[in-house]
Amino acid sequence: MTESASQGRRNPSAKGAARTVASAVPAAVVARLAKGVTASGEDVVETVAPLTGEALAALPVSGTADVERAFAEARRAQPGWAALSVRHRAGVLLRFHDLLLRRQDEVLDLIQAETGKARLHAFEEVMAVASAARHYGRAAASYLRDRRRGGAVPGLTSAVEARRPKGVVGQISPWNYPLELSVGDALPALVAGNAVVNKPDTQTALTALWARELFVEAGLPPQVWQIVLGDGPVVGPQVVERADYVAFTGSTRTGREVARRAAERLVGASLELGGKNAMLVLSDADLDKAAAGAVRACFSSAGQLCISIERLYVHRSVADAFLAKFAEKTSALRLGGGLAYGADMGSLVSGRQLETVTRHVDEAVKAGATVVAGGQARPDLGPLFFEPTILDGVTPDMAVCAEETFGPVVSIYRFDTEDEAVAAANATPYGLNSSVWTKDTGRGRRVAARLRTGTVNVNEAYAAAYGSVASPMGGMGDSGLGRRHGAEGILRYTEAQTIAVQRLLPIGPSMGLDDRKFAELFTTGLKVMKAFRLK
Ligand code: NAD
């Protein structure tokens with residue numbers, strides 16, 4: 001792509017396209033990383049770089065015996081890893097954090113090469129993973145420590161709640177945030193004493209393999225984190241069938257299937273799924289900030305972000321002014337495919353994504369929607385570029401209205417009352433993320449409390465809630481089950497175990513008491529405990 005290729009178009013390309021995918025990700029690096037896959041056969045799968053369409057990697061495919069071996073090795077290594085102190089394991093996370101910051105350029109190249117996203121959006125992954133590594137590195141000992149609980153009979157019974165690792169966690173991750181969604185969820189699993197068998201999406205496996213290498217450099221025993229690769233519907237179920245717990249991130253459709261398989265085996269699963277996220281611009285919002293926020297909310301990673309905004313509700317009194325600012329900023333975004341900072345948006349990841357985005361936009365326009373900005377594919381920039389797009393006049397019969405597009409497309413809707421806006425935002429089976437813009441943060445919090453989404457950002461797009469790694473993040477409704485981050489994000493990878501010790505007297509008739517006398521005595525005891533607030 002050259003700069004002149006886009007001159008005169010609404011979205012000029014960014015400078016800095018000098019480094020090529022081939023020079024940034026040489027064959028020797030691919031070959032080294034590929035050795036990290038647990039695979040023994042001859043089968044390989046080839047990936048291409050979305051930015052240019054050129055060949056990127058040939059990666060080995062794991063057969064059933066390889067998945068079996070990955071679990072066997074992980075299972076052998078896990079008890080030794082769990083026997084180390086939490087502080088020792090946490091030290092690995094903290095060293096990983098430092099290495100990641102120091103070597104970030106390597107992984108930024110890989111993420112861009114594998115996903116096609118702009119470097120700034122790739123850096124969001126480094127930010128998220130570094131924050132989570134520091135958080136769990138510092139807080140794991142506190143999350144996992146034994147906790148004294150009130151015993152059955154105060155004074156006679158002492159109880160301690162302990163946390164034990166689940167064993168081997170099966171982790172299945174998608175392509176859109178390959179560093180964050182392979183490492184981010186592995187961090188708490190590992191520090192809690194589990195081993196991990198990860199099946200990343202093949203398209204973005206190099207990023208996951210690089211991260212694993214860095215973890216080993218930080219002190220992780222290599223067998224504790226296994227990576228298997230292959231076709232999702234083939235290898236994915238093989239992982240679910242063997243795991244002691246499943247951490248799945250991906251579409252709602254696949255998530256349901258994973259949940260069914262996990263339920264059959266009576267193993268737990270956390271499911272981070274799709275969304276159709278809404279942003280509300282209230283009448284008193286700062287429109288410049290809201291418009292800039294909407295650009296981040298809708299077009300980061302070309303909208304291929306589970307928490308990005310695809311429905312934008314604006315108070316009628318400010319709708320025209322907001323839309324003018326938002327459209328201007330959107331049309332000024334620089335699309336670019338360079339492996340360098342400078343572009344505001346990169347390309348989509350695959351032909352499948354381009355097909356969905358194109359279909360949603362074209363169908364909507366044919367049915368009467370208006371294109372306020374963007375609206376077209378940009379093959380002049382690369383095979384999978386699509387302009388950041390704003391649609392107006394979208395109606396419920398259009399697929400773009402309710403289905404997840406997972407691309408750089410947002411629809412504008414107007415509202416008159418707060419109740420109307422809240423009801424419209426909640427009128428979806430999904431419940432992942434939302435965003436509210438107002439100068440009155442108290443009002444923002446009150447509106448947030450009425451929204452049925454796992455995270456709500458007031459005066460920010462998504463990064464405020466997602467980046468608050470001490471707080472849980474995840475979806476309500478069809479957006480998933482369970483949470484990453486915070487206490488829930490680590491305790492999901494543990495089994496609670498209560499150890500209670502009884503002293504002096506048993507909890508039953510003793511010392512010559514018959515059953516009736518015991519019942520009377522215990523009844524009196526319960527009343528006394530109530531009076532003294534011991535129970
Ligand atoms: P997907 O469900 O097609 O694939 C996700 C992963 O599951 C991949 O590794 C895939 O190979 C694997 N897989 C496919 N079939 C499987 C099966 N039958 N059993 C087990 N595993 C299987 O999703 P995708 O298109 O790769 O990712 C995009 C979706 O992920 C979007 O819907 C997006 O909203 C969602 N997502 C959610 C979050 C979140 O945190 N909630 C984050 C990122 C992406």
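Both counts, for ligands and for their atoms, begin at 1 and track the order of listing.
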query: Which protein residues have a heavy atom under 4.0 Å from ligand 1?
result: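 These residues qualify: I172, S173, P174, W175, N176, L181, K199, D201, G232, P233, G236, P237, F248, T249, G250, S251, T254, E257, V258, E272, L273, G274, C306, R352, E404, F406, L432, R484.
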Output a table of donor-acceptor pairs, distance under 3.5 Å, between side-chain atoms of residues 167-178 and any protein atom two or more places apart or on a different chain; print 'none' if there are none.
{"unit_1": "Q171", "atom_1": "NE2", "unit_2": "L181", "atom_2": "O", "d": "3.1"}
{"unit_1": "Q171", "atom_1": "NE2", "unit_2": "S182", "atom_2": "O", "d": "2.7"}
{"unit_1": "S173", "atom_1": "OG", "unit_2": "N198", "atom_2": "ND2", "d": "3.1"}
{"unit_1": "N176", "atom_1": "ND2", "unit_2": "Q304", "atom_2": "O", "d": "3.2"}
{"unit_1": "Y177", "atom_1": "OH", "unit_2": "E124", "atom_2": "OE1", "d": "3.4"}
{"unit_1": "Y177", "atom_1": "OH", "unit_2": "S301", "atom_2": "OG", "d": "2.8"}

task: Might you point out which heavy atoms bring K166 and N194 nearest each other, and give the distance in Å?
output: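 For K166 versus N194, the nearest heavy atoms are N-OD1, 2.8 Å.
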message: Checking R452 now: which residues fulfil salt bridge (Lys or Arg N to Asp or Glu O under 4.0 Å) with it, not counting sequence neighbours?
response: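 R452 satisfies salt bridge (Lys or Arg N to Asp or Glu O under 4.0 Å) with no other residue.
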message: Run the salt bridge (Lys or Arg N to Asp or Glu O under 4.0 Å) test against E363 and tell me which residues pass, sequence neighbours left out.
response: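 Salt bridge (Lys or Arg N to Asp or Glu O under 4.0 Å) list for E363, sorted by chain: empty.
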query: Under 30°, 30 to 60°, or over 60°: which ring-plane class applies to F299 and F326, parallel, tilted or perpendicular?
result: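 Geometry flag for F326 against F299: parallel rings.
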field: Parallel, tilted or perpendicular: ring planes of Y245 versus Y493, cut at 30 and 60 degrees
entry: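 Because their plane-to-plane angle is over 60°, the rings of Y245 and Y493 count as perpendicular.
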